[in-house]
Amino acid sequence: MSKIIINILRFIILVCIQVFLFKNIVFYGLNTPYLYILFVLLLPFETPNWLLFLLAFLMGLTIDLFNDTVGLNAAACTILAFVRVIFISITVQKDTLENDLSPNLSTMGFRWFFFYALILTLTHHFFLLNLEVFKLSEIPTTLSRVILSSIFTLTLIFIAEILFYSKKQRK
Amino acid sequence: MLNLWRFISRFNAFFLLIIYLSISIILLVRNNDFQRASTFNTSNQIIGAIYQRVNGIEKYLHLSAVNDSLAKENASLRNQLKSSFYNDSVTSKKIIDTVNHVQYEYMVAEVVNKSITARNNYITINRGAKQGIKKGMGVIGPDGVVGIVWNVSENFASIQSILHEDTRITSSIEGTPYFGPLVWNGKDPNMVTLTDIPNQLQLKKNAKVVTSGYGVIFPKGILIGHVLKSGIKGGGSFLDISVKLSTNFYALQYVYVIKNNLQKEQETLESANKASVNE
């Protein structure tokens with residue numbers, strides 16, 4: 001039950017941060033962080049697929065409504081959810097897990113979480129920015145935007161995760 | 001049937017991907033259609049209201065910059081006042097009533113939301129159909145041209161800014177008869193490119209780029225930016241001129257919407273031309 005409340009709060013906080021703060025941050029016209037994908041990354045392991053896709057889609061759509069880009073973030077988030085399902089099914093044995101676990105830094109360790117976040121962030125940014133531009137002629141610019149934005153997003157994800165990590169250890 | 005069900009449930013992630021992806025792609029493509037006014041955008045009442053509230057806080061951060069630009073504009077307007085000129089004429093003049101012959105009217109509006117970094121950028125303002133805003137009106141800021149009104153709701157309107165793939169504002173270099181469309185290449189929000197200017201033109205750096213006044217949207221001579229550099233595009237006979245925009249989109253807080261009272265007349269006349277050619 002508390003898990004549901006935590007996720008709802010996380011949804012609202014991430015949307016607010018993304019829409020009112022990060023949307024306005026940009027360096028050299030190249031990169032914007034998309035921290036809101038952290039919500040999809042941190043959904044618990046036992047989330048059924050239909051719920052996972054629905055939540056990812058809703059998250060993307062909410063961001064879209066604020067950005068005037070209906071469908072863009074939603075599409076990227078759906079792909080993100082799919083990659084998450086595949087990545088977890090390959091790297092994690094479901095039956096070895098305890099109940100109520102989330103894929104985060106404190107439960108899964110640095111190495112696993114780093115690759116998890118890296119692959120998911122890159123896929124999401126790749127589809128998001130390419131769908132936005134939708135032109136083959138601008139691929140080099142778009143790819144550099146993908147990489148720079150991913151670095152930015154990953155840094156923020158790890159900062160957020162380390163904040164949570166220390167909190168859990170203290171308890 | 002059972003086998004089919006087993007197949008679907010085994011690969012359910014894939015089917016879910018297909019379903020949600022197609023929904024979002026349909027939304028994306030449908031919404032991109034310029035002609036179709038969508039209900040899902042920031043002219044939408046609820047989101048417009050949220051943005052207005054947040055903007056109220058954000059406004060304080062830019063207060064000094066906005067004050068500066070408004071003060072500057074006040075000064076330049078004051079310079080145009082009749083009372084600031086020394087009057088040495090003794091002859092009496094006939095007074096021409098200009099009040100009833102206004103072609104362009106300006107309406108001030110506050111920016112409640114804007115995007116700058118996307119490929120196609122929009123600005124939302126807190127004036128809408130109630131205040132007489134219509135699609136296709138020009139929008140300028142204190143420092144120069146900003147964009148064209150795109151969608152209008154009751155109390156809000158969204159503006160397609162210069163920083164948009166489809167925006168083409170006909171502009172010319174001040175003092176020359178040549179004109180061409182402005183395009184944005186999507187990289188730097190301070191730079192646009194002026195195309196279709198013949199290459200016999202001797203360009204000075206920092207020459208002013210202004211609106212040409214040939215459309216029905218903007219009056220003639222409104223500042224857009226300054227020439228940064230120019231180059232000939234691939235041996236053609238036209239110049240590609242890089243223009244530094246005079247409007248700082250990051251600090252934009254107030255804009256003016258331009259209403260052209262003679263727009264309808266000019267458009268009717270011009271479309272009559274086309275119709276008679278077709279006959």
Side-chain angles (χ1 to χ4, degrees), chain A residues 15-16 19-32 48-58 60-62 64-86 88-89 127 129-135 137-138 141-142 144-145 149, chain B residues 9 11-32 38-44 46-48 50-51 53-55 57-58 61 113-124 150-151 158-160 163-165 185-191 249-250:
Chain A
V15 167
C16 288
V19 171
F20 300 133
L21 183 65
F22 288 148
K23 205 184 86 180
N24 305 316
I25 297 181
V26 70
F27 291 112
Y28 308 112
L30 281 174
N31 56 356
T32 316
N49 277 344
W50 64 268
L51 187 61
L52 175 71
F53 274 90
L54 184 68
L55 287 174
F57 180 77
L58 280 181
L61 201 63
T62 315
D64 278 334
L65 289 182
F66 281 95
N67 286 4
D68 274 342
T69 53
V70 174
L72 182 66
N73 282 290
C77 271
T78 317
I79 295 168
L80 172 71
F82 184 65
V83 178
R84 183 196 133 117
V85 169
I86 292 179
I88 287 179
S89 73
F127 283 103
L129 296 173
N130 274 307
L131 274 176
E132 184 188 13
V133 176
F134 219 73
K135 258 188 199 157
S137 59
E138 287 185 22
T141 327
T142 313
S144 61
R145 279 177 71 195
S149 297
Chain B
S9 64
F11 298 102
N12 62 355
F14 181 70
F15 285 105
L16 285 165
L17 173 77
I18 300 289
I19 293 167
Y20 281 109
L21 201 58
S22 23
I23 296 174
S24 22
I25 298 285
I26 289 168
L27 281 175
L28 186 64
V29 172
R30 213 184 53 130
N31 195 57
N32 260 356
S38 165
T39 47
F40 282 125
N41 57 42
T42 33
S43 349
N44 186 310
I46 302 160
I47 289 184
I50 295 175
Y51 265 127
R53 195 153 289 186
V54 171
N55 193 57
I57 303 163
E58 220 176 288
L61 301 174
N113 179 35
K114 63 189 165 195
S115 68
I116 295 158
T117 56
R119 180 63 181 89
N120 296 321
N121 295 292
Y122 300 97
I123 296 168
T124 311
W150 178 47
N151 264 336
S158 60
I159 298 162
Q160 181 184 331
L163 312 177
H164 189 292
E165 224 174 342
N185 64 3
K187 281 170 193 154
D188 185 346
N190 294 314
M191 301 280 302
F249 279 89
Y250 288 99

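A note on names: the letters A, B, ... follow the listed sequences, proteins ahead of strands, and every chain is numbered from 1. The model shown is predicted, which means the values in this text are computed figures rather than measured ones.
Using a 4.5 Å cut-off between heavy atoms, A:F57 touches chain B through its side chain atoms alone. Proximity to chain A (any heavy atom under 4.5 Å) is shown, for B:I116, by neither the backbone nor the side chain. A:L54 touches chain B through backbone and side chain together, each having a heavy atom under 4.5 Å away. Both the backbone and the side chain of B:F14 come within less than 4.5 Å of a heavy atom in chain A. Contacts of B:I19 with chain A are absent, with no heavy-atom separation under 4.5 Å from either backbone or side chain. Heavy atoms of A:I79 lying under 4.5 Å from chain B belong to its backbone as well as its side chain. Contacts between B:N190 and chain A at a heavy-atom distance below 4.5 Å are absent for every atom of the residue.
Ring pair A:F20/B:Y51 is perpendicular by interplanar angle, where above 60° counts as perpendicular and below 30° as parallel.
With chain B as the partner, the residue from A:A81, A:A75, A:A76, A:C77 showing the most heavy-atom pairs under 4.5 Å is A:A75.
Between the side chain of A:E132 and the backbone N or O of B:A118 there is no donor-acceptor pair closer than 3.5 Å.
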Go through the steps for A:V19 and B:I50 under the test side chain to side chain contact (heavy atoms under 4.5 Å, CB included), then give the verdict. CA-CA 11 Å; A:V19 171; B:I50 295 175; over 6 Å; no
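Between atom CZ of residue A:F53 and atom CG of residue B:L21 there is a gap of 9.5 Å, rounded to the nearest 0.5 Å. The line from CG of A:L52 to OH of B:Y20 is 10.0 Å long, rounded to the nearest 0.5 Å. Residue B:L17 holds its CG atom at 11.0 Å from CG of A:L80, rounded to the nearest 0.5 Å.
A:N49 pairs by the side-chain hydrogen bond (donor to acceptor under 3.5 Å, both in side chains) definition with B:N12, not counting sequence neighbours.
Residue pairs meeting the side-chain hydrogen bond (donor to acceptor under 3.5 Å, both in side chains) criterion with at least one member in residues 70-83 of chain A, sequence neighbours excluded: A:Y36-A:N73, A:D64-A:N73.
Counting only heavy atoms from C-beta outward, the side chains of B:N113 and A:F66 never approach each other to under 4.5 Å.
For the residue pair B:L27 and A:G71, the shortest heavy atom distance occurs at CB-CA, 4.2 Å.
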